[in-house]
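Data first, discussion second: the structure below is written as structure tokens.
Computed from a prediction, not measured in an experiment: that's the story for all the values here.
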Amino acid sequence: MNRIVLSVLIALSALAWHGPLRAQENTDSLTDAIKTKIFNNFKHFSFGFYADAYLIMELDHKNDTAKIIPFSANCPMTNLIRLNVAAFEIYYNAERVRGKFQLQFGDAPNLLAAPEKQWVKNIRQAAFGFRVAKDLWIDAGYMFTPIGCESAWPVINTISTVTMCGYFEPGALLGIKVSYKFSDKVDGGFMVGNPYSIAYQQTNHLAGLFFINYAPLKNLTLSYNSIFGNQALRNAELNNNLLYNDVIVAYNPHKNINLVGQFDFAFQTNSKLAPDTSRIASMCSGFLQAKFTFLKNFSVAGRYEYYYDPDGFLSGTYNYDSKTTGLTISGMTVSLEYKPVKIGYVRMEYKIMQANQGNKIYYNKTSDHMQAIAFTTGVRF
């Protein structure tokens with residue numbers, strides 16, 4: 001009898017001992033499964049951070065009280081060390097779904113958002129897309145237009161500060177985009193939506209955009225982009241139908257040499273200066289840029305730019321010597337860059353801009369020219 005009782009006790013002890021072990025094994029398996037599921041859900045995500053700072057030093061008119069460079073798409077404040085952008089990025093890329101979200105703060109986000117659209121200034125991009133067929137994608141949300149090759153983020157640019165040409169380009173669009181890769185050399189598509197930038201003020205008109213890229217050679221890319229639509233304000237009596245065109249040529253004749261040329265031209269109805277304001281006004285702008293890399297971590301770049309808007313339908317009008325004109329300006333910039341690491345840069349650039357005599361836009365509207373040295377540095381990972 002004692003043996004039977006002893007045997008039962010031993011068996012119960014064994015069950016009591018192995019029970020928690022089995023439960024722990026099941027818990028481990030469940031935890032691993034949850035971890036695997038979570039990691040699988042996040043394997044298509046990537047995260048990034050970007051921050052850059054700048055200092056713009058004026059070389060003349062040191063008593064200027066405006067402390068801001070007009071028509072700046074980035075780095076606008078003078079004689080102060082400032083934060084241009086601090087940003088957080090999230091990307092999702094899977095076989096049939098993709099998305100992007102960029103949240104930004106600093107001086108640059110305040111520049112290209114009109115007062116009635118300040119809600120969007122801290123959102124750089126917020127969009128998602130689906131692959132509906134091979135090489136065919138449909139994206140929706142707040143997205144960049146393909147017009148122009150410059151950015152408010154200096155890290156993306158060869159030269160940190162943006163040209164006058166880049167300032168007036170349609171920067172972003174709230175709507176949909178359809179893109180298709182026709183071949184290894186050709187891709188393109190179209191966009192429909194509401195433009196959001198300082199030069200495009202409407203709140204209820206839609207715009208259409210067409211874009212195409214052609215790479216006849218591995219080191220040569222040709223791009224054409226065109227946006228069209230009514231740019232008049234909501235309650236305007238007349239329509240201002242705009243056709244804005246952009247041509248970009250990028251060529252790398254050598255691994256250490258990069259050449260870029262851009263030409264923009266636009267037309268808008270009911271925008272001519274008096275006496276016949278019902279006529280079509282036109283403008284053109286562009287730049288030529290070259291970059292040479294040497295000593296592995298160093299590069300030097302130069303750029304010539306111009307902007308010609310005689311009727312001022314984008315840049316506004318100016319009065320001088322009893323005449324009303326639009327903005328005409330040209331300038332040159334030279335930049336020296338040092339990249340201590342792949343994810344960071346340090347740049348110094350010299351810029352000189354010269355406007356028409358009547359276009360006194362600099363130094364609190366007292367001068368038609370400007371000279372400055374800019375220091376910019378940033379990191380993106």
Please report the closest heavy-atom contact between [X] and [Y], naming both atoms and the distance.
X: Asn230; Y: Asn240; value: OD1-N, 3.0 Å
X: Ala266; Y: Leu242; value: CB-CD1, 4.1 Å
X: Phe182; Y: Gly188; value: CE1-N, 3.9 Å
X: Phe71; Y: Leu327; value: CE1-CD2, 3.9 Å
X: Phe88; Y: Phe47; value: CZ-CD2, 3.9 Å
X: Pro109; Y: Asn122; value: CB-ND2, 4.3 Å

Evaluate the ring planes of [X] and [Y], with Trp represented by its six-membered ring, and classify them as parallel (under 30°), tilted (30 to 60°) or perpendicular (over 60°).
X: Tyr304; Y: Tyr306; result: parallel
X: Phe294; Y: Phe292; result: parallel
X: Tyr92; Y: His44; result: perpendicular

Would the number of heavy atoms belonging to other residues, nucleotides or ligands and lying under 6.0 Å from [atom1] of [X] be above 12?
X: Met348; atom1: CE; answer: no
X: Leu217; atom1: CG; answer: yes
X: Asp184; atom1: CG; answer: no

Pair [X]-[Y], side-chain donor/acceptor within less than 3.5 Å:
X: Ser278; Y: Asn270; answer: no
X: Tyr362; Y: Gln354; answer: no
X: Gln289; Y: Glu150; answer: no
X: Asn74; Y: Tyr54; answer: no
X: Ser223; Y: Asn213; answer: yes
X: Asn258; Y: Asn252; answer: yes

Do [X] and [Y] have side chains that approach each other closer than 4.5 Å (heavy atoms only, starting at C-beta)?
X: Ile69; Y: Thr161; result: no
X: Arg124; Y: Ser151; result: yes
X: Tyr350; Y: Gln371; result: yes
X: Ser315; Y: Tyr307; result: yes
X: Phe287; Y: Val260; result: yes
X: Met164; Y: Tyr308; result: no
X: Asp107; Y: Pro76; result: yes
X: Ile90; Y: Phe45; result: yes

Aromatic ring proximity, centroids under 6.0 angstrom, Tyr214 and Tyr224: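 Distance test on ring centres: not under 6.0 Å, no.
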Ring centroid separation Phe265 to Phe263 under 6.0 Å: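 For Phe265 and Phe263, the ring centres are under 6.0 Å apart.
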Could you grab the distance from atom [atom1] of [X] to atom [atom2] of [Y], nearest 0.5 Å is fine?
X: Tyr244; Y: Phe267; atom1: OH; atom2: CZ; answer: 12.0 Å
X: Asn225; Y: Asn245; atom1: CG; atom2: CG; answer: 9.5 Å
X: Asn359; Y: Ile329; atom1: CG; atom2: CD1; answer: 7.5 Å
X: Asp246; Y: Cys149; atom1: CG; atom2: SG; answer: 7.5 Å
X: Thr328; Y: Met283; atom1: OG1; atom2: CE; answer: 10.0 Å
X: Thr145; Y: Glu169; atom1: OG1; atom2: CD; answer: 7.5 Å

Give a yes or no answer on whether the side chain of [X] reaches the backbone of [Y] with a donor-acceptor pair at less than 3.5 Å.
X: Ser72; Y: Cys75; answer: no
X: Asn297; Y: Pro340; answer: no
X: Lys351; Y: Ile373; answer: no
X: Thr269; Y: Asn241; answer: yes

Residues clustered with Tyr50, ILVMFWY side-chain links under 4.5 angstrom: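 So far as hydrophobic clustering goes, Tyr50 is joined with Val85, Trp153, Val155, Ile156, Tyr345.
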Remaining members of hydrophobic cluster (4.5 Å side-chain criterion), Val162: none
Lys/Arg-Asp/Glu bridge criterion (N-O < 4.0 Å) met for Arg303, Glu305: yes
Short N-O contact, Glu89 and Arg380, less than 4.0 angstrom: yes
